[in-house]
Amino acid sequence: MSNGFRRGMEARHVMMLSFGGVIGTGLFLSTGYTLQQAGPIGTVVSYVIGALLVYIVMKCMGALAVAHPDVGGFHTYANIYIHQSIGHVVAWSYWLCWTIALGSEITAGGILFQKWFPDFPVWLFSLVFILVIVGINFTTSKMYGETEFWLSLIKVIAIIAFIIIGLLILFNVVPSDLKPVTSSEKLFDVPNGLFGIFITMLAVNYAFSGTELIAIAAGETKHPENVIPKTIRSTVWRLGLLFIGTIVIMVLLLPTDQASLLESPFVSILDSVGIPYAGDIMNFVILTALLSAANSGLYASSRMLWSLSEQDNVLPIARKLNKNGMPVNATIISLAGALLSLLSSVIAPTTVYLVLVSVAGFAVVVVWMSICVARFNQLRREGVTQRTAYILPVAGFALCLISTIGVLFDPNQRLATLIGLPFCIIVGLIHYFLKKKGAHIHAATR
């Protein structure tokens with residue numbers, strides 16, 4: 001490859017890389033907050049809408065990825081089909097999303113680890129965590145993909161096991177301290193009204209974020225024109241089944257008043273079962289899941305920073321690749337950014353964590369919106385006149401916009417938009433005026 005990256009990943013690697021990014025704190029930890037805010041039926045509806053939005057965005061992204069299988073993915077799409085300044089905003093937003101997510105995954109790992117060792121210093125566990133993911137990210141793309149494949153497979157097996165155990169509890173095959181939520185009054189209770197569903201949409205979007213990693217991995221994938229569309233189809237329906245199946249089990253077994261941000265609903269449910277160490281086993285699985293998600297996060301943020309360096313000449317030092325074709329400097333810089341968000345584990349792990357998740361959720365919604373707009377403009381540029389072809393990008397953009405507006409009504413997540421929106425505007429304007437100034441200087445010197 002001309003850019004130095006090696007196409008070492010296969011379809012199964014790319015799919016599990018996407019799973020690795022998606023199945024993390026969003027599903028294993030943040031679902032407790034969603035259940036609190038939206039209630040049982042509201043939580044299910046939120047995740048169904050989230051799955052629909054992911055399907056729409058992935059369909060749009062698939063068409064773009066086949067046309068432009070580049071490292072950096074949607075940064076390239078926005079540059080080509082919208083505007084270079086928008087592409088700059090998209091790249092920095094996505095880098096911010098995964099850098100924050102990486103810190104939040106490590107923070108969440110510390111929170112879960114304290115289930116076993118309440119006095120264990122979070123920073124020490126985090127240091128070990130960091131050393132492991134850095135080691136993995138400095139290997140070859142094929143070795144990275146293989147590692148992520150097995151880490152993600154553990155999560156998928158655990159979720160399937162959770163669904164099976166949940167069904168056995170519901171049908172009274174396995175004894176449990178929890179009483180299934182079967183009364184229609186409790187199931188259809190929406191604590192904050194119907195609008196509460198949209199309030200939680202940003203957290204749900206964060207839970208689904210990571211599917212778009214397929215586009216970033218396209219530049220390191222063998223035969224992307226065949227692999228990427230197939231992988232997108234396989235990933236979306238499998239994730240939809242796993243997520244919605246898990247959520248249905250969760251809302252039927254865990255009363256709203258017992259849901260908590262500080263303990264995984266998975267652990268809460270399995271602790272109630274008479275299986276020895278069931279909760280501890282799931283806690284270990286979740287820690288493995290967080291390692292996988294953090295691994296994917298560092299991969300995504302380093303590739304996006306490399307793309308910024310390559311296409312926009314930002315931080316030229318980030319362009320360097322090691323002998324294995326891995327962006328070593330971009331990885332180190334991204335990790336440094338993640339360490340700043342890791343401070344939340346020391347300052348206020350119970351409150352800052354939710355803010356971090358919300359800001360990361362806002363950033364990924366910005367990326368999804370750009371994918372929808374880029375696809376819309378791609379269709380126009382190709383001269384497509386069928387109106388039905390434009391339904392998906394328009395619907396995807398609208399759902400993303402609703403989730404960013406809805407979060408303004410939740411005081412716990414409002415900061416996401418209040419921080420994220422000015423950030424995007426400032427970054428875009430700085431890039432626009434610097435480019436404009438550079439063009440004037442270039443014209444004057446000719």
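- A heavy-atom distance below 4.5 Å is not found between the side chains of Lys155 and Thr288.
- To the nearest 0.5 Å, atoms CD1 (Ile133) and CZ (Phe138) are separated by 10.5 Å.
- Side-chain N or O atoms of Ser334 include none that pairs as donor or acceptor with a backbone N or O of Leu298 at under 3.5 Å.
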*Check against side chain to side chain contact (heavy atoms under 4.5 Å, CB included), Leu335 and Thr331*: CA-CA 6 Å; Leu335 184 62; Thr331 299; 5.6 Å; no
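- Exactly one of Lys435, His431, His75 qualifies for a side chain to side chain contact (heavy atoms under 4.5 Å, CB included) with His88. That residue is His431.
- In this structure, the side chains of Ile333 and Ile317 come closer than 4.5 Å at one or more pairs of heavy atoms.
- Here the side chain of Thr246 pairs a donor or acceptor atom with the backbone of Leu242 at under 3.5 angstrom.
- At a threshold of 4.5 Å between non-hydrogen side-chain atoms, the residues Trp368 and Val54 count as touching.
- The CG atom of Leu53 lies 9.5 Å from the CD1 atom of Ile49; values are rounded to the nearest 0.5 Å.
- Heavy-atom minimum distance, Ala389 versus Leu379: O-CD1, 3.3 Å.
- With contacts defined as side-chain heavy-atom distances shorter than 4.5 Å, the pair Val57/Cys372 qualifies.
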*Check step by step if side chain to side chain contact (heavy atoms under 4.5 Å, CB included) holds for Tyr47 and Leu52.*
CA-CA 8 Å; Tyr47 274 86; Leu52 175 63; over 6 Å; no
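- The minimum heavy-atom distance between Ala318 and Ala330, with the atom names listed, is O-CB, 3.7 Å.
- Looking at every heavy atom in both residues, Trp306 comes nearest to Arg319 through NE1-O, 3.2 Å.
- Gln378 and Arg375 form a side-chain donor-acceptor contact under 3.5 Å, judged by distance and modelled atom types alone.
- Ser307 places no side-chain N or O within 3.5 Å of a backbone atom of Met304 that could act as its donor or acceptor partner.
- Proximity of a side-chain donor or acceptor of Asn377 to a complementary backbone N or O of Tyr81 within less than 3.5 Å is detected.
- How far CG of Asn137 is from OG1 of Thr147: 9.5 Å, rounded to the nearest 0.5 Å.
- When side chains are defined from C-beta on, Leu315 does not count as touching Leu308, because their heavy atoms never get closer than 4.5 Å.
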